[in-house]
There are 2 protein chains.
Amino acid sequence: MLAAERKAKIIEFVKRTNIATVTQLSEEFNVHEATIRRDLSEIEREGHLRRTHGGVILGEGIHSEPSFTVRATERVEEKQRIGEKAAEMIQEGDSIILDSGTTTFQIAKYIANKTNITVVTNDINIAAELRDSKGIKVIVTGGVLYPESFMLNGMFTNDVLKKLHVHKAFIGTPAIHPKKGLTHFEELFVPAKMEMINAASEVIVVTDHTKLGGVSLHMVSPINKVDKLITGEEASDTQIQQFKESGVEIIIS
Amino acid sequence: MLAAERKAKIIEFVKRTNIATVTQLSEEFNVHEATIRRDLSEIEREGHLRRTHGGVILGEGIHSEPSFTVRATERVEEKQRIGEKAAEMIQEGDSIILDSGTTTFQIAKYIANKTNITVVTNDINIAAELRDSKGIKVIVTGGVLYPESFMLNGMFTNDVLKKLHVHKAFIGTPAIHPKKGLTHFEELFVPAKMEMINAASEVIVVTDHTKLGGVSLHMVSPINKVDKLITGEEASDTQIQQFKESGVEIIIS
DNA sequence: TTGCTTTTCTTTCTGCTGCTAACATAACGT
DNA sequence: ACGTTATGTTAGCAGCAGAAAGAAAAGCAA
C-alpha cells in the first residue's frame with residue numbers, strides 16, 4: 001500500500017470512528033506504530049485531524065473545506081475589516097440575512113458573540129460557524145447544495161426567502177457599478193439574491209474593492225435599492241465619489 | 001481509553017446529568033480521582049464546564065442533549081455497520097432522505113462514492129459530508145438550526161419536505177416499539193419526521209439496538225408505515241421476532 | 001464567631017506508556 | 001551503483017496515571 005493511500009485511509013477511518021489509537025491503526029494497516037505516528041503528524045499538519053496522547057481524534061469543526069479555503073485566502077485581511085465594520089451595524093434584536101460568500105462569512109465570525117440576533121443564511125458554512133453562538137438563532141434556507149461552495153440555491157431557497165422579512169440584508173456580489181447596480185455572471189444565482197434584497201428593509205452590499213465598478217451579464221438589482229456599501233480602504237476616491245453620487249451611503253473600513 | 005476520549009465523555013456525562021461528583025466520575029470511568037480532577041481542570045480551562053468543590057456543574061447554557069461530536073462516540077462501531085448495510089440498499093438513480101442523526105450520518109459516509117444519487121437531508125453535517133461527492137446531488141431542507149446538533153427543523157423544513165417525493169427515507173429514532181411504532185421524546189421534532197415518512201415510497205428505520213422496544217411520549221408513526229428496520233446484531237432474538245410479527249422486515253448487521 | 005473534624009484539593013513523586021529523533025535497513029526509480 | 005524515499009529499530013525524553021501528604025475548604029457544634 002502506498003503511503004499516501006494509507007494516509008487517506010487513516011483519515012477516512014478516523015472520520016468514521018471519531019477516535020483511534022496508534023496501536024489500533026498500526027494493527028489495522030499492518031505497519032509499525034512509528035509509521036502511523038509519522039502519518040498522523042503529517043495529517044495533523046495538513047489540518048485534517050487532531051492528535052492526542054496515544055491516538056488521534058476528530059477535530060472540532062473539521063469537515064474539510066478545500067475550495068472554500070482557497071478562495072478565502074484572497075484578500076482575507078480586507079474582508080475581515082469589512083466583516084468587522086458590518087458587524088458593528090448589527091444591533092440587539094436585529095434579524096439579518098447573510099448571503100453566501102467569503103466576505104459575509106467574515107461578518108458571521110464577528111457577530112458570534114452578539115445576542116438576540118436572528119440570522120437567515122443560504123450558506124451552510126456560515127450556519128455551522130454560528131451554530132454554537134447561544135444568542136443567535138440561525139435559519140437556513142433550503143435548497144440544492146453547490147459543491148464548489150457552501151451555498152444553497154434553487155426553488156426551495158427562493159420559497160423560504162419569500163416568506164421572510166428582515167431588518168438588514170448583507171449581500172455579496174462579484175460586480176457593483178454606480179450606474180448599472182448589482183450584476184452577476186451566473187444566471188442561476190440571481191433569483192435568490194433578488195429575493196434577499198426584497199426581503200430586507202435595508203440592503204447592505206459588502207464587497208472588496210476589486211469588485212467596484214464591475215458589470216456582469218445578468219442584472220440583480222438597480223443601484224437605488226442598495227442603501228449602503230461597505231468596502232475596503234483600498235477603493236479609489238473616484239470610485240467612492242461615484243457611488244456617493246448614486247445615492248449610496250458608502251462605508252470604508 | 002484515550003485521555004482525550006475520556007474528557008469528551010466526561011463533558012457528555014455532565015451535560016446529561018447537569019452535575020456530577022469527582023467520586024461518581026472516577027467510578028464511572030474507572031480511573032483515580034486525581035485523574036478526574038486533572039481532567040476537570042483542563043475541561044474548565046477550555047470553558048466547557050464549571051468546577052465546584054466536590055464536583056462539577058454545567059456552565060452557562062444548559063443543554064440536555066450531548067453535542068454532536070460527543071454523541072457520535074457512542075456505539076460508533078454498531079452504527080457503522082448499520083450505515084454500511086443501509087448504503088448497500090441504495091442504488092444508482094435513487095433519491096433518498098437522510099434524517100438528521102449519528103446513525104444516518106454513517107450512511108452518508110458510506111455512500112460518498114456512489115453516483116447518480118439525490119440526497120435530501122435536514123442535517124447540515126450530512127450535507128457537508130456529501131458536498132464533495134461528484135455523483136451526489138444534495139438538497140438541504142431549510143429551517144431553524146438547532147445548537148448542539150446539526151439539525152434543521154421547523155416550518156420551513158416541513159414545507160420543503162411536503163414538496164418532495166423520494167424512493168427511500170432513512171429515519172433515525174430514539175424509540176421504536178413493535179406495537180406502538182415510532183415515538184419521540186420531543187414534540188418539536190415530530191412533524192418533520194412525519195413529513196419524511198410521508199414523502200417516501202419506502203421507509204427504512206435505522207437505529208442501534210438500545211432503542212428497540214422503547215416508547216416515548218409523542219407518536220411519530222405507526223409500525224405499519226415502517227417497511228424495514230436496520231439494527232445491530234446486538235439485538236435480542238425476542239426483539240427481532242416481535243418486529244417480524246409486526247410485519248417489519250428486520251435487517252441485522 | 002471560633003475551633004474541630006471531615007472532605008476535597010493541590011502538589012509532589014514514581015512507574016509506565018507513548019513520543020521524538022536519530023540511525024539503520026529495505027524498496028524504488030534513475 | 002547511486003540517491004531518494006519509506007519503513008523499522010532503538011534510546012532517551014516527555015507526559016499521563018496512581019499514590020500519598022500537606023493545604024484548603026466545607027460542615028458542624030458550642
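Numbered from 1 within each chain, the chains take letters A, B, ... in sequence-line order.
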When we call it a touch if two heavy atoms are under 4.0 Å apart, what does B:S26 touch: a base, just sugar-phosphate, or nothing? nothing
For this session: Mind checking B:A3 for me? I need base, sugar-phosphate or nothing, with any heavy atom below 4.0 Å counting as a touch.
Result: sugar-phosphate
Q) Has the side chain of A:R51 got a donor or acceptor that lies under 3.5 Å from a partner of the other kind on the base of C:dG18? A) no
Using atom [atom1] of [X] as one end and atom [atom2] of [N] as the other, report the distance to the nearest whole Å.
| X | N | atom1 | atom2 | value |
| --- | --- | --- | --- | --- |
| B:I36 | D:dC16 | CD1 | P | 15 Å |
| A:E44 | C:dT20 | CD | P | 9 Å |
| B:R37 | D:dA25 | CZ | P | 14 Å |
| A:L40 | D:dT7 | CG | P | 13 Å |
| A:F29 | D:dT7 | CZ | C1' | 16 Å |
| A:Q24 | C:dT17 | CD | P | 18 Å |
| B:R38 | D:dG15 | CZ | P | 14 Å |
| B:E33 | D:dG18 | CD | C1' | 12 Å |

Subject >> Phosphate OP1/OP2 of D:dG18: any B:T35 side-chain N/O under 4.0 Å >> reply: yes
Self-check item: D:dA19 OP1/OP2 closer than 4.0 Å to side-chain N/O of B:H32
Solution: yes
From the candidates D:dG8, D:dG15, D:dA19, the one with an atom nearest any side-chain atom of A:H53 is D:dG15
#### Entry: Any B:L188 side-chain heavy atom under 4.5 Å of B:Y146 side chain
yes
ask   = So, do B:L2 and B:R6 sit near enough that their side-chain heavy atoms are less than 4.5 Å apart?
value = no
### Message
Salt bridge or not between A:K7 and A:E42? Use side-chain N to carboxylate O under 4.0 Å.
### Response
yes
_Looking at B:E44 and B:R37, is any side-chain nitrogen of the basic one under 4.0 Å from a carboxylate oxygen of the acidic one?_
no
Of all heavy-atom pairs linking A:I111 and A:I136, the shortest is O-CD1, 3.1 Å
Assert: residue with more 5' nearest nucleotide on DNA chain C, out of A:A34 and B:G54, is B:G54
